[in-house]
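The structure appears below as structure tokens.
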Protein chains: 4
Amino acid sequence: MTDQQVPSTIKDEALIVKRRNQMIKGAVTLFMEKGFHKTTTREIAKASGFSIGTLYEYIRKKEDVLFLVCDSIYQRVKERMEASIDPEQTTVKSLIQAVRSYFQLMDDMQDEVLVMYQEVKSLSREAQEYVLQKERDMVAMLEQVIINSLPGEYAEAEVRLMANNIFVQGQMWGFRRWILQRNFTIQTYTDTQIHLLLRGLGKEIEGIIQPADNAGHA
Amino acid sequence: MTDQQVPSTIKDEALIVKRRNQMIKGAVTLFMEKGFHKTTTREIAKASGFSIGTLYEYIRKKEDVLFLVCDSIYQRVKERMEASIDPEQTTVKSLIQAVRSYFQLMDDMQDEVLVMYQEVKSLSREAQEYVLQKERDMVAMLEQVIINSLPGEYAEAEVRLMANNIFVQGQMWGFRRWILQRNFTIQTYTDTQIHLLLRGLGKEIEGIIQPADNAGHA
Amino acid sequence: MTDQQVPSTIKDEALIVKRRNQMIKGAVTLFMEKGFHKTTTREIAKASGFSIGTLYEYIRKKEDVLFLVCDSIYQRVKERMEASIDPEQTTVKSLIQAVRSYFQLMDDMQDEVLVMYQEVKSLSREAQEYVLQKERDMVAMLEQVIINSLPGEYAEAEVRLMANNIFVQGQMWGFRRWILQRNFTIQTYTDTQIHLLLRGLGKEIEGIIQPADNAGHA
Amino acid sequence: MTDQQVPSTIKDEALIVKRRNQMIKGAVTLFMEKGFHKTTTREIAKASGFSIGTLYEYIRKKEDVLFLVCDSIYQRVKERMEASIDPEQTTVKSLIQAVRSYFQLMDDMQDEVLVMYQEVKSLSREAQEYVLQKERDMVAMLEQVIINSLPGEYAEAEVRLMANNIFVQGQMWGFRRWILQRNFTIQTYTDTQIHLLLRGLGKEIEGIIQPADNAGHA
DNA sequence: CATGAATGAGGGTTCATTCAT
DNA sequence: GATGAATGAACCCTCATTCAT
């Protein structure tokens, strides 16, 4: 469905979707390379495969491109999370699986996530709010998984914070890549984080956590 | 000492330091309000209390102001960390104290840290590298504290990751403030994070962690 | 009849007339509200009830719309003048009647006349000339009426100027409306102008001029 | 004094006046040739003798140039009227002299007046109001002259209308030049208009009006 | 050392016009 | 005949940077 937040002068809805996808694809790369502010609308148009005039048939202001990009990223992240995480599951194994697939997702989309991290603040307050909500939804999903998997184990505030920690640790893999990716692969990073997360949950848990080479006990 | 990274036409070193401090002070506020790109050099000059001409006696390019600001922030953070953390200490209590004072620091400087988080990417690669080094130093400090406080408890990779986690969790208090500061004060946030961090370290540790109201066991 | 000055790609003459009338009607309002230059072709198309593509089937350039509008206004003014003024009449009464009906016409069409006053200069020189000719015709009509009604009373130059004065005074009712329409209605305005015009023509004339309340002698 | 309606970033008041005068001079010619809308800001800057950047140090928006131009024209007209007309005079001769010098003024400034006539409508409503007031002042001056010169001769409404007529007849010499200046010089135009204006004021007046060749009785 | 006027490259955006469907 | 998506020249305006005083 066309994004109702950003009006277009074009009538053909299907075309809007198609052109905006071209746009988003082209823009993400540019934003990644030079940031939103240093990217010109002409560059966006070119990277999208159409003229500057056409670009402005599908948006009103340059900022709309940023919104479209951010919204699309969040949307894709959210969809993939929903597809790979089942909040109804009630085993520790399913928690581990959730974290694992979320981290994998963050690895796949690290460029996109980095862009978003650095540029959302350039959105209007309302657009930020709109996008922030999606974030809240995702954190809530993680919360639910934790609660279901380890009922009674943590206080409410702890669960909330754990969800936030996991969420940020996923993004951190992307935005601190220059530091982390020297010492970890996404695999070892994931294993080690899970290990730290579930430490001290008792003997019966230990077996589930695959000990990686550099994630083992001393 | 004058920052050797940014040359000035002025000879009087003391004056350079003075003017640049005025500059940084004025600029931080502006960057916080509107971001680096939307802040004009004229605004910076005005906020600094001198003319645009004078501004350019103390820097070469607008980006220099950003560098000066970022560098100053990192410098202040680093100095305060060094002042409050003693890496030679070898008790769990000292680890807790280190985290506690670091989080407090991040609370005090959350605006500055937020600015940095959002604008470093606008620095030249070399400037980023220069500033990144300070970050590495700080993470290394945290690593050292963990190793000293809990020798043999964690694998090397785990320690490195814990240090990174703590470091990011401190900043996260600032850059996710709209989400976190609804549910936590810096006190409860700190307590809960420490609790999660040290879970399962054995009976002898438990007593040290003050159980807060919303950080207690179920 | 189709305006030969503005070619169209459409064959059906009746359709051209119909579409152009839609166009003129829509455009006048827009030109009145925002002026020719600030009105876009898209707005004209929309106000005309068809698409931008269709608009360009009936004109070549945006300026053609302005020409069509101006021409149509002049045409209507001229037609109404010809309908209400009989240059063959030879009485002072008929002169008064002519002025009276011309002023009434200018009151009815003040918006249109104002538009024309402000926008003709945007026409090409040739289009201006074409339209100017209609104006000359109208002034000539007034001249003829004066000559017939008051033979021998004025020198040739005086007649010419009187006709011009009357013509402009009619338009002035529209383009100086913000000043004049505070103090006059079209009735009192007409009466007073006629009074000033015919002053001192001798006793036999006096009776004909209806003395209005605010048009009487001191 | 600097025009308070249009702010400038320049501090030196004298410089503002100087540069704006350059600007007005350059702009009037351009507006005359191609109209306000078809004149670009770069052309204005060039015609003013400075760069586009400098232009914008002295105005905020393109419309400000138009306002400055209109205001300056009205100001000059008003000043010259005040210098040449003495509203205290009480003779018919002085009325004639007033009209004569006003018409001469309109001849001298016909280009400027034409520009204003065609472009004021492009000003913002408030700017128009500001400029309109100057016009009212001038009409009021003419009213006063008529009242003083011919006390008791005309009703109030008549005086008001006469003043308006004279005012517009002066401008008309400029904006209908293509028609009028074929048949009249500014001299014969003035004489004829005065003659028409004062017809029938009695024998004692007649002598004062110089009969011109093409302005004589039949 | 300090000032602020001057510069102009370059950016965002508009809109008249075309043309394939 | 009608439509409306596509185009890109051109416009207004900003702002980092310089340099004469």
Side-chain angles (χ1 to χ4, degrees), chain A residues 8-12 15-16 18-19 37-45 49-65, chain B residues 8-12 15-16 19 37-46 49-65, chain C residues 8-12 15-16 19 37-46 49-65, chain D residues 8-12 15-16 18-19 37-45 49-65:
Chain A
S8 162
T9 64
I10 300 305
K11 298 189 172 177
D12 185 338
L15 197 53
I16 296 183
K18 181 182 162 197
R19 291 274 180 269
H37 282 105
K38 291 203 170 171
T39 302
T40 68
T41 52
R42 277 169 177 82
E43 287 170 328
I44 296 171
F50 36 69
S51 72
I52 181 66
T54 301
L55 179 71
Y56 273 89
E57 297 283 339
Y58 294 91
I59 55 163
R60 290 161 312 173
K61 318 194 281 71
K62 186 188 175 192
E63 203 205 283
D64 286 344
V65 181
Chain B
S8 161
T9 64
I10 303 301
K11 305 289 167 198
D12 185 339
L15 196 53
I16 296 183
R19 290 273 181 267
H37 282 104
K38 290 203 171 171
T39 302
T40 68
T41 50
R42 275 171 165 83
E43 286 170 326
I44 296 170
K46 191 172 202 178
F50 38 71
S51 73
I52 181 69
T54 302
L55 181 72
Y56 273 87
E57 299 285 339
Y58 295 92
I59 55 162
R60 289 162 312 171
K61 317 193 294 47
K62 186 188 174 191
E63 203 206 281
D64 286 343
V65 181
Chain C
S8 162
T9 64
I10 303 303
K11 304 291 168 199
D12 185 339
L15 196 52
I16 296 184
R19 290 274 181 267
H37 282 104
K38 291 203 171 172
T39 301
T40 68
T41 51
R42 276 171 165 82
E43 287 171 326
I44 296 171
K46 190 173 203 178
F50 37 71
S51 73
I52 181 68
T54 302
L55 180 72
Y56 272 87
E57 299 285 339
Y58 296 90
I59 55 162
R60 288 162 311 170
K61 318 192 294 50
K62 187 188 175 192
E63 204 205 278
D64 286 345
V65 181
Chain D
S8 162
T9 63
I10 300 304
K11 299 189 171 176
D12 185 338
L15 197 53
I16 295 182
K18 182 183 163 195
R19 291 275 179 270
H37 282 105
K38 291 203 171 172
T39 302
T40 69
T41 51
R42 274 176 174 78
E43 286 171 328
I44 296 172
F50 38 69
S51 72
I52 181 68
T54 301
L55 179 71
Y56 275 89
E57 297 284 340
Y58 294 91
I59 55 163
R60 289 161 311 172
K61 319 193 282 80
K62 186 189 174 192
E63 203 205 282
D64 285 344
V65 181

*Can you name the closest pair of heavy atoms from A:L55 and A:T41 and give their distance?*
CD2-O, 3.6 Å
*Just by distance, do the side chain of C:S51 and the backbone of C:A45 share a donor-acceptor pair under 3.5 Å?*
no
*Consecutive Watson-Crick or G-U pairs in runs of at least 3, all under 3.5 Å, in which DNA chain F is involved*: E:2-21 with F:2-21
*Of the non-hydrogen atoms in A:K61 and A:Y56, which two are nearest, and what is the gap between them?*
CA-CE2, 4.4 Å
*Drop me the distance from D:T39's OG1 to D:K62's NZ, to the nearest 0.5 angstrom.*
6.5 Å
*Ion pair A:K38/B:E63, N-O distance below 4.0 Å*: no
*Considering all heavy atoms of both residues, which atom of D:I16 and which atom of D:I10 are nearest to each other, and what is their separation?*
CD1-O, 3.4 Å
*Want to settle it: does B:L55 or D:F50 sit nearer the 5' end of DNA chain E, counting the closest nucleotide to each?*
B:L55
_Return the CD to CZ distance between C:E57 and C:R19, rounded to the nearest 0.5 Å._
10.5 Å
*Could you go through the side chain to side chain contact (heavy atoms under 4.5 Å, CB included) check for B:D64 and B:Y58 one step at a time?*
CA-CA 9 Å; B:D64 286 343; B:Y58 295 92; over 6 Å; no
*asked:* Counting the atoms with a prime plus P, OP1 and OP2 as sugar-phosphate, which does B:T9 contact under 4.0 Å by heavy atoms, base, sugar-phosphate, or nothing?
replied: nothing
*Measure from NZ on A:K11 to P on F:dA5 and round the result to the nearest Å.*
7 Å
_Base contacts versus sugar-phosphate-only contacts with protein, heavy atoms under 4.0 Å: please encode nucleotides 14-21 of chain E as B, S and - from 5' to 3'._
BSBBB---
*Could you check A:G49 against C:G49 and say which one's nearest nucleotide on DNA chain F is further toward the 5' end?*
C:G49
*asked:* What is the distance, to the nearest angstrom, from the CG atom on C:D12 to the C1' atom on F:dA2?
replied: 14 Å
_Separation of atom OH in D:Y58 from atom C1' in E:dA5, rounded to whole Å_ = 6 Å
